[in-house]
Amino acid sequence: MRTLRSVRSFPLAVRLLLVNQLGVNTGFYLLVPYLAAHLGGDLGMSAVAVGVVLGVRNLSQQGLFILGGSAADRLGARGVIIAGCGLRTLGFGLFALGDGMAVLLAASLLSGLAGALFNPAVRAYLAQEAGERRAEAFALFSVFANTGALLGPVLGTVLLLVDFRAAALSAAGIFAVLTVAQAAVLPAHTVERTATPVLGDWREVLTDRRFLAFSLALVGLYALESQLYLLLPEAAREATGWEGAVGLVFLVSTVVNLALQLRITTRLQQLGGRGRWLACGMLVAGLGFLPPLLAPGPVPVLLAVVLLRIGVMIAQPFVLELIPAFGRDRLTGTYYGVFYLVSGLAAALGNAAVGWAMDTSSWAPWALCAALGLACAAAVAHQRRTLPEPDSALGAAT
């Protein structure tokens with residue numbers, strides 16, 4: 001009830017963006033987790049071809065976040081959000097309708113580009129609309145996103161009982177509805193015109209040493225969170241010998257998020273000291289990987305899930321709240337784009353390192369993740385006195 005009251009207290013545009021994120025994650029996780037099996041099993045593609053198709057989607061999204069952020073700054077976040085959802089509709093529709101390599105590559109490219117567009121644009125728009133309540137808005141954003149990440153695979157499993165095409169068309173339909181809703185509801189913001197070239201904007205952000213130090217110090221946040229999809233599900237499966245344990249990992253993570261996210265953010269806001277809570281969140285997330293290292297079994301794995309989720313819940317809303325405060329109002333989208341470019345690369349490298357560690361020994365991945373969390377906590381703690389005040393960019397233009 002507290003979460004619903006908080007949602008209702010925000011303007012209509014913010015409420016739509018929260019529902020939008022629920023739909024985005026539902027549609028995405030309805031399809032993408034099953035894509036590799038469809039390509040290799042239903043279509044009989046080689047492992048190399050499957051890797052190419054999936055790699056194009058990842059690369060086009062992770063590598064183009066900075067373009068999406070710049071587009072939000074220069075063209076207006078509203079239009080970029082709508083374009084992103086429209087492209088995702090088209091991309092997922094192509095997955096349903098085509099089985100040739102050219103069509104599948106086009107579908108991957110469009111769906112990845114869509115994410116690169118609306119990811120920074122949505123956050124830039126939300127940062128402006130939420131004003132002084134940014135941290136609370138991003139806490140709710142996390143709740144809706146995690147709920148969608150849980151609902152998507154469940155719905156996808158049901159639709160796959162029909163066939164993959166039904167799942168892909170349903171995902172495309174969700175994005176189509178979101179596109180129409182955004183066009184109808186989201187108000188347009190005035191975009192400040194500038195003579196500065198796009199490369200000048202990039203240069204300004206990429207030479208902001210304080211911001212880059214902040215982004216690099218927090219790479220562990222997203223690298224560790226991505227273990228909810230790699231290390232922790234595999235550990236739960238091995239500890240129980242039950243395939244359903246994978247779903248239990250996501251269920252526990254989502255329930256903890258729904259129950260505690262808003263309470264944690266509201267309380268920590270009252271206590272003040274954003275930098276302190278960023279370091280605390282990284283510390284808790286890193287310590288979460290110690291129980292399975294010290295005592296293998298299903299209970300330590302679930303404890304790791306809970307502690308990781310709590311650590312992310314402590315830090316993430318304040319991370320997203322602080323990003324616009326590093327630069328000028330006109331570059332909010334670009335700052336988000338660069339941050340997510342760095343975070344995406346960190347998550348990819350982190351997964352590769354953890355995957356290598358998983359093949360090496362039973363203890364190595366847990367030790368690696370714990371060390372990463374503790375190192376990032378120390379890095380954030382070192383720079384917490386130099387962090388900007390979140391209220392210094394309340395007028396962030398998109």
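These values consider heavy atoms only, across backbone and side chains, with no hydrogens, waters or symmetry-generated copies.
Screening residues 99-113 for side-chain hydrogen bond (donor to acceptor under 3.5 Å, both in side chains), with sequence neighbours left out, gives no hits.
No side-chain donor from either of N257 and S253 sits under 3.5 Å from a side-chain acceptor of the other. Between the side chains of S70 and D201, no donor-acceptor pair is found at a separation under 3.5 Å. T265 and Q261 form a side-chain donor-acceptor contact under 3.5 Å, judged by distance and modelled atom types alone. Using modelled atom types, one finds no donor on one side chain facing an acceptor on the other under 3.5 Å when comparing Q128 with T332. Checking Q227 against N351 by side-chain atom types alone, a donor-acceptor pair falls below 3.5 Å.
Checked against the 6.0 Å centroid criterion, the rings of Y229 and F250 qualify as a close aromatic pair.
Counting only heavy atoms from C-beta outward, the side chains of V301 and E238 never approach each other to under 4.5 Å. Taking 4.5 Å as the limit, every side-chain heavy atom of E129 sits out of range of all side-chain heavy atoms of F10. Within the 4.5 Å cutoff, the side chain of W366 has no heavy atoms near those of the L294 side chain. When side chains are defined from C-beta on, L110 does not count as touching R88, because their heavy atoms never get closer than 4.5 Å.
Salt bridge absent: E389 and R274 never bring a charged side-chain N and a carboxylate O closer than 4.0 Å.
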